[in-house]
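Report on one structure; see the data block that follows.
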Amino acid sequence: MNELFKKYEYELSEKKKLLFDNYYIDLIEKNKVMNLTAITEKEQVYLKHFLDSVLPLYDIKDNAKVLDIGTGAGFPGIPLKIMNDTLNVVLLDSLNKRINFLNEEIEKLNLKNIKAIHSRAEDYANVSRETFDYVVSRAVARLNTLLEYCLPFVKVGGMFIAYKSINSNEELDECANALKILGGKIEKIKEIDLEGNLRTLIYIKKVKETPKKYPRGQNKPKNQPL
């Protein structure tokens, strides 16, 4: 694992390696009784979940407030927190069973300034809109849908980082209207070959406030994207 991370210029201390090892053990054990990941082989979890999660690490400033929307089994929020302990992280998911696992895991790993919250994005926006420096998401949704769920939480001047597959040109083309309405602007796009797995990080800067009616409820961001 050390060699894999070092290949992509991420340094793992013994403490960080131990945290990842314990996280992996608990993830696979819990996966026996609830669906957290289809990937279970150790090397693949470290590559496709842990390393993949930390790809934008050096673009996130120390002490930043970070929201991970649709966190699932804690990706990318927990790996980012392990790699940079100064981050203040909120993990958001709509399935309470996952949130219970994540809060138990946070306590077991003795991570500070990180919590998991059970809520839908449209409800959580009522109390935390435009309060985060960064919002990250590996959720499986098209970019115009993700923008509506994520951009409302980003401070003006902050950044939404979307983790996508390499074939994202079509999604980029169709999100122009959503960007205009929600106050976002594509800042940069990074394409990374992760041991043959092609990944794209899309950085969207928040350039103006998002109208308060977004994100819409009743699955409208997915069923009726902007």
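Side chains included, hydrogens not; waters and symmetry mates left out as well; all remaining heavy atoms used.
Interatomic distance, E43 CD to E195 CD, rounded to the nearest 0.5 Å: 10.0 Å. Separating the NZ atom in K48 from the CD1 atom in I39 is a distance of 5.5 Å, to the nearest 0.5 Å. Atom NZ of K42 and atom CG of L47 lie 14.0 Å apart (nearest 0.5 Å). Annotation: the span from S128 atom OG to F153 atom CZ amounts to 7.0 Å, rounded to 0.5 Å. Atom CD1 of residue I204 and atom SG of residue C175 lie 6.5 Å apart, to the nearest 0.5 angstrom. For the atom pair CG (L51) and NZ (K7), the distance works out to 10.0 Å, reported to the nearest 0.5 Å.
Looking at E174 and R142, a side-chain N of the basic residue comes within less than 4.0 Å of a carboxylate O on the acidic one, giving a salt bridge. A salt bridge does not link E9 to K6: none of the charged side-chain nitrogens sits closer than 4.0 Å to a carboxylate oxygen. Salt bridge status for E122 with R216: absent, with no side-chain N to carboxylate O gap under 4.0 Å. K188 has a carboxylate O that lies under 4.0 Å from a charged side-chain N of D59, or vice versa, which qualifies the two as a salt bridge. E130 and K206 are joined by a salt bridge, as a carboxylate oxygen and a charged side-chain nitrogen come within less than 4.0 angstrom of each other. K61 has no carboxylate O lying under 4.0 Å from a charged side-chain N of D133, or vice versa, which leaves the two without a salt bridge. The pair D21-K17 meets the salt-bridge criterion, with a side-chain N (NZ, NE, NH1 or NH2) lying under 4.0 Å from an Asp/Glu carboxylate O. Taking the charged nitrogens against the carboxylate oxygens, E148 and K220 have no contact shorter than 4.0 Å, which rules out a salt bridge.
With hydrogens and angles disregarded, no donor-acceptor distance shorter than 3.5 Å links the side chain of E191 to the backbone of T200. Counting only distance, with no hydrogens or angles, the side chain of K190 and the backbone of L201 share no donor-acceptor pair below 3.5 Å. The backbone N or O of G158 lies less than 3.5 Å from no partner atom in the side chain of K205, so there is not a single donor-acceptor pair. A donor-acceptor pair is defined here as one N or O able to donate and one able to accept, closer than 3.5 Å; such a pair exists between the side chain of N103 and the backbone of A116. Panel note: side chain S53, backbone H49; a donor-acceptor pair is recorded below 3.5 Å. With hydrogens and angles ignored, the 3.5 Å screen pairs a side-chain donor or acceptor of D193 with a backbone N or O of G196.
Within the 4.5 Å cutoff, the side chain of I161 has heavy atoms near those of the I60 side chain. Contact check for D52 versus L55: side-chain heavy atoms found under the 4.5 Å cut-off. Between I189 and Y203, every side-chain heavy-atom pair lies at or beyond the 4.5 Å cut-off. Side-chain contact between M34 and R98 is present, with at least one heavy-atom pair separated by less than 4.5 Å.
Taking all atoms of both residues into account, the shortest heavy-atom contact from N63 to T86 is N-OG1, 2.8 Å. Nearest approach of S119 to D123, heavy atoms of both residues: OG-CB, 3.7 Å. Here the closest non-hydrogen pair linking A178 and L147 is CB-CD1, 4.0 Å. Smallest separation of non-hydrogen atoms from T210 and L151: OG1-O, 3.8 Å. For L91 against I99, the heavy-atom pair with the smallest separation is O-CD1, 4.2 Å. Residues P221 and T145 come closest through the heavy atom pair O-OG1, 2.8 Å.
Connection of L4 to I192 is established within a shared hydrophobic cluster, with ILVMFWY side chains joined at heavy-atom distances below 4.5 Å, either directly or through further cluster members. By the rule that hydrophobic residues join a cluster once side-chain heavy atoms approach within less than 4.5 Å of another member, I181 and I186 end up as members of one cluster.
Just one residue in the list D85, L12, I82 forms a side-chain contact (heavy atoms from CB on, under 4.5 Å) with L19, and that residue is I82.
With ring centers used as reference points, Y58 lies under 6.0 Å from Y10.
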Would you mind writing out the side-chain donor-acceptor pairs for residues 69-80 within the sub-3.5 Å range, not counting sequence neighbours?
residue: T71; atom: OG1; partner: D68; partner atom: OD2; Å: 2.7

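Every residue two or more places apart in sequence or in another chain was checked for a ring pair (Phe, Tyr, Trp, His ring centres under 6.0 Å) with Y214, and none qualifies. The ring pair (Phe, Tyr, Trp, His ring centres under 6.0 Å) search around Y24 returns Y46, not counting sequence neighbours. With sequence neighbours left out, Y8 forms a ring pair (Phe, Tyr, Trp, His ring centres under 6.0 Å) with no residue at all. Here K213 pairs with nothing under the salt bridge (charged side-chain N to carboxylate O under 4.0 Å, His left out) rule; sequence neighbours left out. Not a single ring pair (Phe, Tyr, Trp, His ring centres under 6.0 Å) links F101 to another residue, sequence neighbours left out.
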Checklist entry - Passes side chain to side chain contact (heavy atoms under 4.5 Å, CB included), L27 versus N31? Steps please. => result CA-CA 6 Å; L27 175 69; N31 202 56; 5.5 Å; no
Next on the checklist: Please evaluate residues Y134 and L67 with respect to the criterion side chain to side chain contact (heavy atoms under 4.5 Å, CB included), reporting the C-alpha separation (whole Å), side-chain torsions for both, the decisive distance (0.1 Å), and the verdict.
Outcome noted: CA-CA 6 Å; Y134 301 89; L67 173 64; over 6 Å; no
Next on the checklist: Walk me through whether F160 and F132 qualify under ring-ring contact (aromatic ring centres under 6.0 Å, His included).
Outcome noted: CA-CA 10 Å; F160 165 45; F132 291 90; over 10 Å; no
Next on the checklist: Pair V66, V135 - check side chain to side chain contact (heavy atoms under 4.5 Å, CB included), show working.
Outcome noted: CA-CA 6 Å; V66 180; V135 173; over 6 Å; no
Checklist entry - Can F5 and M83 be said to form a side chain to side chain contact (heavy atoms under 4.5 Å, CB included), step by step? => result CA-CA 11 Å; F5 271 59; M83 293 298 288; 4.2 Å; yes
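Side-chain atoms of K112 and N110 form a donor-acceptor pair, as typed in the model, at a separation below 3.5 Å. Judged purely by distance below 3.5 Å, without hydrogens or angles, the side chains of H118 and S94 never pair a donor atom with an acceptor atom.
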